[in-house]
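Here the structure is laid out as structure tokens; the discussion comes afterwards.
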Amino acid sequence: MTKPKQVTIVEVAEAAGVSIATVSNVLNRGGIRSSKETIRKVELAAEQLGYRRNTMAAGLSRNKTYEIGLIIPAMAGYYGQLAEHLQIEAHHAGYHLSVFSSGGFDPDIERRHLEVLLQRRVDGLICHGLAMGFETTRSIVNSGTPLVLINGWGWPEDIATGAVNLGFAGACLQSVKVLADHGCEAICYLGSKRSKVIDEQRLIGFNAGMAQFGGGVSQEIVDTMGLDIEAYLRDLMQQHAKPVGIVAFDDHVALRVLSAANKLHIDIPGRLKLIGINNDYIAKESYPGISSWDIPYIDQAQMAINKLMHKIANKTESGEDREIEVPLTFIERGTTKLQ
DNA sequence: CTACTCAGGCTGCTTGAGTC
DNA sequence: GACTCAAGCAGCCTGAGTAG
């Protein structure tokens, strides 16, 4: 069965008794004046024939597709929310966002999706640092397609121009300060080596925080992979008579700590103070609520789209190519403060 | 006859220049 | 002012021409 032929601008022009240029002017160029009668005829013909603009042809003519490609590691959780906000911001800028997942860090899928987006001649790309390899990303930069990286920490300078990164390091630094201010005699970081780059960022912040605010406070860095959290907490409580603080990799780790602490009847926040990251719904719904760092999705999406729009327009500003850090907001709940 | 190159046509639309 | 003409966009396809 052959696909029915789509109505084109030519048929609309014939039906309205005008040229195709006039149809284009009426339907797509608000600035060009046409008579009321012509506008009426064109709009009526387009409606009756069911005309739908062919954006591929329009892109061909304008040498612009008004399409942005997004590659993220997965569709769930933070990535899904980020994609949603990027889509809204792209829409505000007059662009359409095509979202692809690299299928859980699969380099083959990453390359295939990227190829599809480049074949479609997207006007620009937004890629999450965890979804991309250095070489693939370098090939995009060399091809001249405007690119903005999200969370591209520690990338080579020639490709990570103008990455928009979440301030996980800053959040961890401040977490240490909060716990030190609350009188903790020991502060521990419970990390996740499985998420290497993100874990590194948190550690940078944690270590800086300890150097800055941890005078006289003992510190410990632990990987939660395969860790018996209940046994770990029991030991920790035996070692320290005064309050102990924990900076958790994220709210999921924080929840595991909270559950184990509740099971052991540890006084929270009297003996144990806990801070997570992400401000997940579990942080709000657990008891007590977990103090956490809220991710400013809207800010990050706005910054990424603005940066990409500047790159597409080929505008350069002073300092434009430096990395931007988007700060997180601390939400204090019952795991650090009596409520 | 086969294999290859190259020019021109085609697609749907936009847009600067020109006409009435 | 209102409208039309025609070039041009990128890439695929087709047919003519040429070499071996």
Side-chain angles (χ1 to χ4, degrees), chain A residues 1-71 86-100 102 107-127 131-132 135-149 159 161 304-316:
Chain A
M1 207 173 119
T2 54
K3 195 178 163 187
K5 192 182 180 301
Q6 298 283 317
V7 175
T8 69
I9 199 170
V10 176
E11 286 148 90
V12 176
E14 279 171 6
V18 295
S19 69
I20 59 163
T22 302
V23 175
S24 181
N25 288 339
V26 169
L27 298 179
N28 305 310
R29 286 171 88 187
I32 302 289
R33 284 169 62 172
S34 301
S35 70
K36 283 183 182 169
E37 179 58 15
T38 301
I39 293 171
R40 192 192 64 79
K41 282 194 294 185
V42 169
E43 287 180 343
L44 187 66
E47 193 185 333
Q48 284 179 341
L49 292 169
Y51 169 72
R52 188 170 284 138
R53 185 163 168 257
N54 183 331
T55 55
M56 280 168 67
L60 187 63
S61 171
R62 287 178 159 169
N63 204 12
K64 206 164 162 46
T65 58
Y66 288 94
E67 184 176 355
I68 294 170
L70 171 66
I71 300 184
L86 281 168
Q87 180 185 285
I88 294 167
E89 294 305 323
H91 177 74
H92 288 156
Y95 283 76
H96 168 79
L97 188 76
S98 292
V99 186
F100 286 87
S102 67
D108 284 340
I109 295 179
E110 170 212 315
R111 269 193 294 274
R112 207 165 64 216
H113 286 336
L114 188 61
E115 193 52 37
V116 169
L117 287 169
L118 292 175
Q119 280 176 6
R120 284 193 194 176
R121 301 292 190 271
V122 291
D123 290 337
L125 279 167
I126 298 177
C127 300
M132 304 296 292
E135 286 317 309
T136 324
T137 313
R138 185 172 276 117
S139 72
I140 305 171
V141 175
N142 291 340
S143 78
T145 306
L147 166 76
V148 168
L149 267 183
I159 43 179
T161 53
I305 293 291
N306 283 343
K307 194 158 257 306
L308 189 62
M309 290 301 118
H310 274 97
K311 287 194 172 191
I312 289 172
N314 212 10
K315 288 181 196 162
T316 46

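Heavy atoms only: backbone and side chains are in, while hydrogens, waters and symmetry mates are out. In what follows, every chain begins at residue 1, and chains take the letters A, B, ... in the order their sequences are listed.
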5'-most contact on DNA chain C: A/Ile20 or A/Ile39, nearest heavy atom basis?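 Taking each residue's closest nucleotide, the earlier one in sequence belongs to A/Ile39.
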Select from A/Val23 and A/Ala57 the residue whose nearest nucleotide in DNA chain C is closer to the 5' end of that strand.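 It is A/Val23, whose closest nucleotide lies nearer the 5' terminus.
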Between [N] atom [atom2] and [X] atom [atom1], what is the distance in whole Å?
| X | N | atom1 | atom2 | answer |
| --- | --- | --- | --- | --- |
| A/Asn25 | B/dC13 | CG | C1' | 11 Å |
| A/Arg53 | B/dG12 | CZ | C1' | 11 Å |
| A/Arg52 | B/dG12 | CZ | C1' | 16 Å |
| A/Glu11 | B/dT11 | CD | P | 12 Å |
| A/Lys41 | C/dA2 | NZ | P | 14 Å |
| A/Ile9 | B/dT14 | CD1 | C1' | 8 Å |
| A/Leu27 | C/dC3 | CG | C1' | 15 Å |
| A/Glu14 | C/dT4 | CD | P | 13 Å |

A/Ser19 side chain, from C-beta outward: closest of C/dA2, C/dT4, B/dG12: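 Given the options C/dA2, C/dT4, B/dG12, the side chain of A/Ser19 is closest to C/dT4.
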So, the side chain of A/Asp123 versus the backbone of A/Tyr66: is there a donor-acceptor pair under 3.5 Å, distance only?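 Yes; judged by distance alone, with no hydrogens or angles, the pair exists.
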Using OP1 and OP2 only, check whether a side-chain N or O of A/Tyr66 sits under 4.0 Å from B/dC13.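 A/Tyr66 to B/dC13 OP1/OP2: no side-chain N or O under 4.0 Å.
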Can you tell me if the side-chain N/O atoms of A/Ser24 get under 4.0 Å from OP1 or OP2 in B/dT14?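 Indeed, a polar side-chain atom of A/Ser24 lies that close.
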Degree of bending, the helix from B/dC1-C/dG20 to B/dC20-C/dG1 (end axes from five pairs; round to 10°):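 For the helix from B/dC1-C/dG20 to B/dC20-C/dG1, the axes at either end differ by 50°.
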Report the residue from A/Leu149, A/Leu118, A/Leu308 that forms a side-chain contact (heavy atoms from CB on, under 4.5 Å) with A/Leu125.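 Among A/Leu149, A/Leu118, A/Leu308, the one that satisfies the side-chain contact (heavy atoms from CB on, under 4.5 Å) with A/Leu125 is A/Leu118.
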4.5 Å side-chain heavy-atom contact, A/Leu117 and A/Ile71: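 A/Leu117 vs A/Ile71: side chains touch.
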Under 4.5 Å between any side-chain heavy atoms of A/Thr8 and A/Asn54, yes or no?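 SC-SC contact between A/Thr8 and A/Asn54 ruled out.
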So A/Ala21, base contact, sugar-phosphate only, or nothing? Heavy-atom distance under 4.0 Å.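 It contacts base atoms.
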Counting the atoms with a prime plus P, OP1 and OP2 as sugar-phosphate, which does A/Val18 contact under 4.0 Å by heavy atoms, base, sugar-phosphate, or nothing?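 Contact class for A/Val18: sugar-phosphate only.
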Heavy-atom neighbours of A/Glu37 CD exceed 12 at 6.0 Å: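 Enclosed.
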Determine, step by step, whether A/Ile312 and A/Lys64 satisfy the side chain to side chain contact (heavy atoms under 4.5 Å, CB included) criterion, reporting the C-alpha distance in whole Å, the side-chain angles of both residues, the deciding distance to 0.1 Å, and the verdict. CA-CA 10 Å; A/Ile312 289 172; A/Lys64 206 164 162 46; 3.6 Å; yes
Could you grab the distance from atom CG of A/Leu70 to atom CD1 of A/Ile305, nearest 0.5 Å is fine?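 Separation between the atoms: 8.5 Å.
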